[in-house]
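So the structure is just underneath, and the comments pick up after that.
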Amino acid sequence: MTDPLHYEVIVLGAGVSGIYQIKRLVDLDIPAIVLEADEDLGGTWYRNRYPGARFDSESYTYGYSFSREVLDEWHWQERFSAQPENLHYLNFVADKFNLREHMRFNARVEEMVWDESTRQWHLKLTSGETCTARFVVTGIGVLSAPTPPRYPGMDEFRGDSFHTYWWPKEPVPLEGRRVGVIGTGATGIQVIAEIADKVGELTVFQRRPNWSTPLNNSPISAEEMADIRKRYDEIFANCALSPNGFEHVPDRRGFHNLTREARRAFWDELYASPGFAILAGNFPEIFLDEAANREISEYIADRIRQRVHNPETAEKLIPRDHGFGTQRLPLESHYFEAYNRDNVHLVDITEAPIERITPTGIQTADAHYELDVIVYATGFDAITGGFDRMTIQGTSGQTLRDKWCDGPSTYLGILTHGFPNLLMVAGPQSVSGSTNFPRAIEGGVNWVTDLLEHARTNHISRIEAQPDAEEAWVEEVVQAHERLLARRSRGWFTGYNSNVAGHEAGKVRYQAYFGGGPKYAATLEAAAAGSYAELDMS
Ligand code: NAP
C-alpha cells in the first residue's frame with residue numbers, strides 16, 4: 001500500500017460480516033477494500049481450529065441468504081457443520097464473487113483518527129502503513145479478542161500451550177499425551193468431548209460448570225439437501241420471525257397452563273431435538289420467571305445425573321450459581337459421557353485454585369498435575385474487546401475505549417456519537433451477539449449499505465448519531481436486558497470476564513440487545529423509512 005491510499009469505504013475484517021459487506025459495496029461500484037489482520041479470510045472460522053469446533057446453528061440457517069446460486073450450489077454435509085467445512089464455505093462464497101481481489105491480508109489496524117477538516121478517517125496499520133477513508137465499516141466480530149488467563153509461570157511451560165482461538169494450523173499431536181484444559185464454556189465443552197478418547201490423560205480444570213444440552217448433530221443426505229434447497233425461502237422467513245434467528249419458535253401454550261408431567265414430557269422431546277430447540281423452542285417463562293427457571297434447571301440437572309456415572313462428578317458438573325439458559329448455552333456431543341472414561345479427570349479449581357503454571361504442568365493449591373499440553377479455553381473480551389484493542393479517536397479527541405470504559409453506548413448498535421462515519425456491523429448493542437449471527441449481520445450489512453448509498457446519492461460526506469437518539473437506544477437495550485433472569489449472570493452477555501480489568505463480576509455492561517431479531521429489524525427499517533432523522537448528515 002503506497003502512503004497514503006484513499007478509499008470511499010474501508011471494511012475492517014474479512015469474516016462473515018466483511019465478506020458480505022464487500023460484496024454489497026462491489027456490486028454498487030463503491031470504491032472499497034477490506035483490511036484483514038489475519039493472513040486469510042474467514043474470521044472466527046479461520047481462527048478457531050480447535051478439535052470439535054463447529055456450528056451450533058443449523059448449517060442451512062447459518063449460510064448467507066443473499067445469493068440463490070450459492071444456496072443452490074452448496075451442500076452442507078452436516079446439520080451442524082464443523083470448522084473446516086465452514087471455512088471452505090466462506091472461501092467458496094468469496095471466490096465465487098471474486099471478492100479476494102478487494103481484500104488486503106496481514107493488515108491489522110492499530111489506530112484510526114477522525115480528521116474533521118477533511119471528513120476522513122486516517123488509519124494506521126501495525127506495519128506502519130497508512131490510508132484514509134471517508135467511511136469505515138467494522139466487521140470485526142463479537143468474539144475476536146481472546147483472553148488467556150493471567151497465571152504466573154505461563155511462559156515457562158515447556159510443553160505445547162495455546163488459547164483455543166490460536167490453535168495451531170498444523171496438527172497438534174495429542175495421542176498418548178497428558179492434556180490439561182482450563183475452561184468449560186462452549187469452547188472447552190467442544191474440545192473436551194472431541195479429544196477425550198484421543199489423548200492419553202485428560203485433566204479438566206473447571207471453575208464454574210455450565211449448563212449444556214445435546215447438539216443432536218446428524219449428516220445431511222443429498223435428498224435432505226435437495227429438500228432444504230426447496231425450503232430456503234421458508235427457512236429464512238421463519239428465521240426472520242423468530243426472536244433468536246432460528247427456525248425454532250417459542251412455545252406459547254403457557255408454562256403454568258400445563259402440568260409438571262406435561263412440561264417434563266415436552267422437555268424430553270426438546271432434549272432429543274437438534275440445536276437450540278431446548279432454548280428457542282421452550283416456554284418463554286423459563287427466562288423470566290424464577291420458579292419456571294428453577295424447574296427446568298432441575299430437569300436438566302437430572303439429565304446430567306443420568307449421564308454421568310460417578311455421582312460426585314455429576315454434582316460437580318451441575319451449575320449452582322445460575323439457572324439454565326441464563327448464560328450462553330453451550331451445546332455438546334457426548335460431553336458428559338467423557339467423564340465416564342478412566343482417562344478423564346475433573347479438577348474443581350474453586351476447591352483448590354490454580355496457583356501457577358510450572359515448566360511441567362499446573363500447580364493447584366493441593367496438587368501438581370504433570371502435563372504435555374495445556375489448552376486455555378478461557379474465552380474472549382466479547383463484543384467490545386475488538387474495538388478496545390485499536391485506538392479509535394473521534395471528534396473531541398476522546399477514544400472509543402474511553403467512551404465505552406463502563407460499557408458501550410450506541411445508536412442501534414451501528415453508530416456512536418462523536419465518531420462520525422464509523423459504521424459497525426455486528427456492533428455492541430445490536431442483536432448480532434444474541435441471535436443466529438449471520439441472520440442478524442445480513443440485516444446490519446443491508447442497512448449500512450443503504451445508508452452509504454443514501455450518502456452517495458445525496459452528496460453526504462458526514463454522518464453522526466444524535467446524542468438523544470443514542471441515549472434512547474441505550475435505554476431500550478437496558479430495558480430489554482433487565483427483563484431477563486440473565487440480567488446479572490456472569491457470562492459474556494453481561495460483559496463478565498475475570499481476565500480483563502474492569503470486566504470482573506458484579507458490574508453489568510449492556511453489550512447486546514435482547515429485544516429479539518424481529519423487533520430489531522423493524523427498528524432498523526423504521527429508521528431508514530424515516531429518512532434517518534436521528535442521524536446528523538451533511
Ligand atoms: P466462555 O464461555 O467465556 O468460557 C470461558 C471458560 O473459561 C469459563 O468456564 C470460565 O470460567 C473459564 N475461565 C476463564 N478464565 C479462567 C481462569 N483464569 N481460570 C480458570 N478458568 C477460567 O468462552 P468460550 O467457551 O470460548 O465461549 C465463548 C462464546 O463463543 C460462546 O458463548 C459462544 O457464543 C461462542 N462459541 C460458539 C461455539 C459454537 O458452537 N458455535 C463454540 C464455541 C464458542 P468462569 O465461568 O468461572 O469464568
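Every number for a ligand or one of its atoms is a count from 1 in the order of the listing. Basis for what follows: all heavy atoms, side chains included, without hydrogens, waters or symmetry-related copies. This chain uses plain numbering: 1 for the first residue, then up along the sequence.
- Counting protein heavy atoms only, atom 15 (N) of ligand 1 is closest to N499 ND2, 2.9 Å.
- For atom 19 (N) of ligand 1, the candidate residues are F205, Y151, F380, Y165; the nearest heavy-atom contact is made by Y151.
- In terms of protein heavy atoms, atom 29 (C) of ligand 1 is closest to W492 NE1, 3.3 Å.
- Listed by number with element, the atoms of ligand 1 under 4.0 Å from a non-hydrogen atom of I349 are 20 (C).
- For the residues G379, A377, A382, the heavy atom positioned nearest atom 6 (C) of ligand 1 is part of A377.
- Close approach of ligand 1 to G183 is summarised as follows: ligand atoms under 4.0 Å from at least one heavy atom of the residue are 6 (C), 7 (O), 9 (O), 12 (C).
- When non-hydrogen atoms are compared, ligand 1 lies under 4.0 Å from the backbone of R208 as well as from its side chain.
- A parallel orientation is assigned to the rings of Y232 and F236, their planes being inclined by less than 30° (bins at 30° and 60°).
- With respect to atom 2 (O) of ligand 1, the closest heavy atom belonging to the protein is G185 CA, 3.8 Å.
- At a 4.0 Å heavy-atom cut-off, ligand 1 touches I182 through the side chain alone.
- Checked by atom type and distance alone, the side chain of W447 pairs as donor or acceptor with a backbone atom of L524 at under 3.5 Å.
- Side-chain polar atoms of T384 and Q511 form a donor-acceptor pair below 3.5 angstrom.
- Counting heavy atoms closer than 4.0 Å to ligand 1, residue Y496 contributes side-chain atoms (C-beta onward) but none from N, CA, C or O.
- Looking at T147 against ligand 1, nothing comes within 4.0 Å, counting heavy atoms.
- Between Y299 and F324, the ring center distance fails the sub-6.0 Å criterion.
- Every atom of ligand 1 with a heavy atom of T378 under 4.0 Å away is listed here by number and element: 5 (C), 7 (O), 13 (N), 14 (C), 15 (N), 16 (C), 22 (C).
- Here the protein heavy atom with the shortest distance to atom 30 (O) of ligand 1 is L143 CD1, 3.3 Å.
- With respect to E315 and R320, a salt bridge is recorded, a charged nitrogen being found less than 4.0 Å from a carboxylate O.
- Between D160 and R177 there is a salt bridge, since a side-chain N of the basic residue sits under 4.0 Å from a carboxylate O of the acidic one.
- Listed by number with element, the atoms of ligand 1 under 4.0 Å from a non-hydrogen atom of R54 are 39 (C), 40 (O), 41 (N).
- With N340 contributing its side chain and R307 its backbone, the two residues share a donor-acceptor pair below 3.5 Å.
- Judged by distance alone, the side chains of S242 and N244 never bring a donor and an acceptor atom under 3.5 Å apart.
- Under a 4.0 angstrom heavy-atom cut-off, Y50 registers as being in contact with ligand 1.
- Listed by number with element, the atoms of ligand 1 under 4.0 angstrom from any heavy atom of D56 are 39 (C), 40 (O), 41 (N).
- Salt bridge annotation for K507-E504: absent, with no cationic side-chain nitrogen under 4.0 angstrom from a carboxylate oxygen.
- Using a cutoff of 4.0 Å between basic side-chain nitrogens and carboxylate oxygens, R47 and E39 are scored as salt-bridged.
- Protein heavy atom at the shortest distance from atom 9 (O) of ligand 1 is T184 N, 3.0 Å.
- Using a 3.5 Å distance cut-off with no hydrogens or angles, the side chains of Q429 and Y520 do not pair a donor with an acceptor.
- For the residues R207, R328, Q83, Q190, the heavy atom positioned nearest atom 37 (C) of ligand 1 is part of R328.
- At the top of the distance list for atom 27 (O) of ligand 1, counting protein heavy atoms only, stands T187 OG1, 3.8 Å.
- Here the shortest heavy-atom distance to atom 36 (N) of ligand 1, taken over A53, P319, A186, S498, belongs to A186.
- Classified by interplanar angle (parallel below 30°, tilted 30° to 60°, perpendicular above 60°), the ring pair Y89/W74 is perpendicular.
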